[in-house]
There are 2 protein chains.
Amino acid sequence: MRKHNGTHSTPPAADEQQVKGPAEMLLAASAARRFYLEGRSKVEIAEEFGLSRFKVARILDLARDSGIVRIDIRLPGRIDAELSGAVQEACGLRRAIVVGTPSDDQNDVRRQLGSVAADLLTEIAKDDDVLGLAWGRTLHTGLAELTRLPQCTIVQINGVYSQRIANRGVVETVQRAADVSGGRAYPIYAPLILPDPDTARVLRSDPGISAAFAWFGRITKAVVSIGAWQEGSSTVYDALDPATRADYRKRGVRAEMSTHLFDADGAEVRTGLADRVLTISTEELRRIPEVIALAGGAEKAEAIDTVLRSGLVSTLITDAGAARRLLSARERV
Amino acid sequence: MRKHNGTHSTPPAADEQQVKGPAEMLLAASAARRFYLEGRSKVEIAEEFGLSRFKVARILDLARDSGIVRIDIRLPGRIDAELSGAVQEACGLRRAIVVGTPSDDQNDVRRQLGSVAADLLTEIAKDDDVLGLAWGRTLHTGLAELTRLPQCTIVQINGVYSQRIANRGVVETVQRAADVSGGRAYPIYAPLILPDPDTARVLRSDPGISAAFAWFGRITKAVVSIGAWQEGSSTVYDALDPATRADYRKRGVRAEMSTHLFDADGAEVRTGLADRVLTISTEELRRIPEVIALAGGAEKAEAIDTVLRSGLVSTLITDAGAARRLLSARERV
DNA sequence: TGTGATGTCGCTCATATGAGCGCACGATTG
DNA sequence: CAATCGTGCGCTCATATGAGCGACATCACA
C-alpha cells in the first residue's frame with residue numbers, strides 16, 4: 001500500500017493548482033478535514049458526501065498533491081530533524097542530534113548541546129546503567145538541567161581541569177547527577193593532567209580514584225566531548241605548553257576526546273600524554289555500548305569528522321554549523 | 001477504523017510536549033517523514049527501524065498528538081473552507097462558497113465573487129446545460145474571467161439596467177460567455193424596469209426577447225445576485241423613485257433578487273413591480289435545479305438570510321464579512 | 001463517421017491498519 | 001512476600017485501503 005508514489009518524492013515547484021474549480025476544491029478541503037483532522041474513514045466520508053470510497057481517495061490524493069492539505073514535520077524546539085538524519089546516515093552513527101542554533105555564541109551553543117545531552121540521558125538511561133561522565137566546558141552548563149534520572153551508578157571518567165572552571169561547579173554537577181539518580185557516585189577529585197607519570201601512578205592508587213577507575217570496565221553509557229587541536233577548542237590543548245601543542249600537531253594530532261589524541265584518519269596518536277592523565281582508556285571506551293560525544297561550533301567539524309572515524313562514538317550531539325561542514329566534508333570523500 | 005479518537009477533536013492548548021526525549025522525538029520525526037511525506041507503509045518503516053508495526057503506529061500517533069506532525073488544510077487563494085462549510089450547513093444549501101476578502105472595498109469584493117462564480121460555472125456546467133445569467137453589478141466584472149465553458153445555451157434572464165452600467169459591457173459579457181461556450185446566446189436587449197405594464201407586455205412579445213423568455217423553463221443553472229433594500233445594494237432599489245422605495249419598505253421588503261422582493265421571512269412580496277419588469281419568474285426560478293446567488297458585503301447579510309429562506313437558492317457565493325453575520329444571525333434563532 | 005488516445009469510475013483482491021486483548025514486567029501497597 | 005495495579009508490547013482478526021483492471025464516456029483528428 002504505497003501512497004502517492006512519486007508525487008511527494010519530487011516536491012512540487014509551488015502549489016500546483018491541479019484542482020478544477022471552487023466546488024471541487026471545497027469538497028476536497030471538506031473531505032480532507034474529515035479524514036486528516038477528524039480521523040474519519042474514507043468509507044464514512046464517502047457515505048456522507050454520497051460518493052464511492054474510491055472517489056474520496058482520489059479527491060484526497062488530489063488535495064495532497066494540490067497543496068490543499070499541507071503536512072509539515074518539524075520538531076518543537078531546537079532539534080533539526082533533517083540534519084540529524086543526514087549526519088546519522090553519513091557517519092554511520094546509531095544516533096545523531098543536531099541542534100539548530102540561531103545564536104553563534106559559543107556559550108549558547110554549549111548550553112544547548114549540554115541541555116540536549118541531559119535530556120537524552122534522562123531518556124535513554126535505565127536502571128542499573130553505569131554512566132560515565134567526562135564533561136569539560138561543553139557539558140558543564142547544560143548538564144545542570146539534569147533533573148530526572150533512573151537509579152544509575154555515576155562514574156566520573158576523567159580528572160578535573162581546574163585552571164578554567166571552578167572546581168565547585170564540576171563537583172556539584174557530579175553530585176547533583178548522583179542525587180537525582182539516587183545511585184552511587186564515583187567522582188575523581190584529582191587533576192586531569194599531571195606533571196609526570198609517577199604522580200599519575202600514585203593518584204591512580206588513591207582509594208577514591210581507583211574506585212572510580214574500577215568501574216570503567218562496566219560503564220554502559222558515557223558522555224564525552226570532542227575538541228579540535230587548537231586554542232579554546234580543547235581543554236587538553238589549552239592545558240599544555242606551546243611546545244607540546246606544536247609537537248603533537250606535527251605528529252598529526254587533529255582532534256582530542258577525553259585526552260585521547262586522533263589524527264586525520266581517526267587513528268589514535270600515542271604520546272607520552274597518556275601516562276600522565278587520569279582518564280578512561282580508549283580500549284575501555286570502545287567496550288562501552290553507548291558513547292555520546294558532544295561538540296559544537298563549525299570550527300570543530302574536522303575534529304568531529306576525525307574522531308568519528310575512530311569508531312568510538314555511537315551518538316553525536318552537535319550544532320547545525322558543525323553538522324553542515326561535517327556533511328560537506330563527507331560528501332567530498 | 002477511527003484514528004486518534006478525541007485527541008484531535010479537542011485541539012490542544014499549545015504543542016503539548018508529551019514526548020519523552022530527543023531520541024524518541026527524532027525517531028518520531030523520522031518515521032513521520034517516511035510515513036506522511038514519502039508515503040511508506042508502517043510495515044516498511046517498522047522494518048527499517050527494527051520495530052513492530054504497532055510501535056510505529058504508536059510513535060506516529062504520538063508525533064501527531066505532540067505537534068511534531070502538523071496537518072493544516074487551507075485552500076490556496078481566497079476561499080474560506082471553514083466558513084463555507086458552516087454556511088452551507090447552517091443554511092441547508094447544496095453549496096456555499098465564502099471568499100475571504102482581505103479588502104473591504106466593495107468593488108474588490110464584487111470582482112472576487114464574480115470571479116469565483118465564473119470558476120464555478122466553468123467547473124459545474126456540462127454540455128447541453130442551459131445557463132441563465134442575470135448579472136448586475138456584482139457579476140459584471142468578475143464574469144469577464146469566464147474563459148472556458150462547455151457547449152451551453154446561454155440565456156439572459158433579465159433586462160438591462162442601463163443607468164449605471166454601460167450597455168456595451170453587459171452585451172459584451174453575454175456574447176463572450178456564448179463565444180467561449182460555443183453555444184447559442186439569447187440576450188435581452190431591453191431595460192430591466194419599464195415605466196408601465198403595457199410597455200413590458202409589448203416588449204415581451206418582441207421576437208428576440210420572447211425567444212429568451214421561452215428558454216426560462218428549460219434553464220438548468222442560473223446565476224443571480226441578491227441585494228439589500230437600501231441605497232447602493234440593489235439595482236432595483238436604486239432604479240426606483242424614493243416614494244416607491246419607501247412604500248415597498250413599509251410593506252416589509254428587505255431583500256431583492258432578480259427584481260423579486262422578499263420580506264424578513266423569505267416570503268415574496270407581490271407588488272405592481274412584477275408587471276413592469278423583464279425577468280424570470282420565481283416559479284421558473286424554483287424549477288431550476290441549480291440557482292447560484294451572489295451577494296457580498298456585511299450589510300447584505302440580512303438580505304441574504306431573508307432570500308435563502310425562500311428556498312430558491314441552492315448555492316450561495318458570498319464574502320467572509322457577510323458570512324459571519326449570516327451565521328451569527330442564524331445562531332440566534 | 002470511425003478510431004485510437006485519454007480520462008473517469010467503481011470493481012476485485014491482496015495488503016495495510018487499528019481496536020481490543022492478553023501477556024510480561026515493574027512499581028506500589030498490604 | 002503476595003496481591004494489585006499500571007504500563008508497554010505485540011498478537012489476532014475484522015475492517016479500511018490502494019493497485020490494477022476493465023467498462024464506459026469523451027475527445028481529437030482523420
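So that the names make sense, note that chain A is the first sequence line, chain B the second, and so on, each numbered from 1. Quick note: numbers below take in every heavy atom, side chains included, and nothing from hydrogens, waters or symmetry partners.
- Taking the side chain of B:Ala57 as heavy atoms from C-beta on, and the options C:dG18, D:dT17, C:dA16, the nearest nucleotide is C:dG18.
- The shortest side-chain heavy-atom distance between A:Ile97 and A:Ile79 falls under the 4.5 Å cut-off.
- We find that CD1 of A:Ile45 is positioned 11 Å from P of D:dG18, with the value rounded to whole Å.
- Between D:dG18 and A:Lys42, a contact under 4.0 Å exists linking OP1 or OP2 to a side-chain N or O.
- The side chain of A:Val43 sits closest to D:dT17 out of D:dG20, D:dT17, C:dG18.
- Between the CG atom of A:Leu51 and the P atom of C:dC11 there is a distance of 13 Å, rounded to whole Å.
- As a whole-Å value, the separation of A:Ile59 CD1 from C:dC9 C1' is 12 Å.
- For A:Glu47 and D:dT15, the CD to C1' distance is 13 Å, given to the nearest whole Å.
- Note on B:Glu290 versus B:Arg94: salt bridge recorded, some NZ/NE/NH1/NH2 to OD/OE distance being below 4.0 Å.
- Rounded to whole Å, atom P of C:dG18 lies 14 Å from atom CD of A:Glu44.
- A 4.5 Å side-chain heavy-atom check between B:Arg78 and B:Val116 finds at least one atom pair inside the cut-off.
- Rounding to whole angstrom units, CG of residue B:Leu60 and C1' of C:dA16 are separated by 13 Å.
- When rounded to the nearest whole Å, the span between CZ of A:Arg53 and P of C:dC9 equals 15 Å.
- In this structure, the CZ atom of A:Phe54 is 17 Å from the P atom of C:dT8, given to the nearest Å.
- Closest heavy-atom contact between B:Lys42 and B:Leu60: CE-CD1, 3.9 Å.
- Taking the side chain of B:Arg58 as heavy atoms from C-beta on, and the options D:dT17, D:dC9, D:dG20, the nearest nucleotide is D:dC9.
- Residue B:Ser41 places no side-chain N or O under 4.0 Å from the OP1 or OP2 atom of C:dT15.
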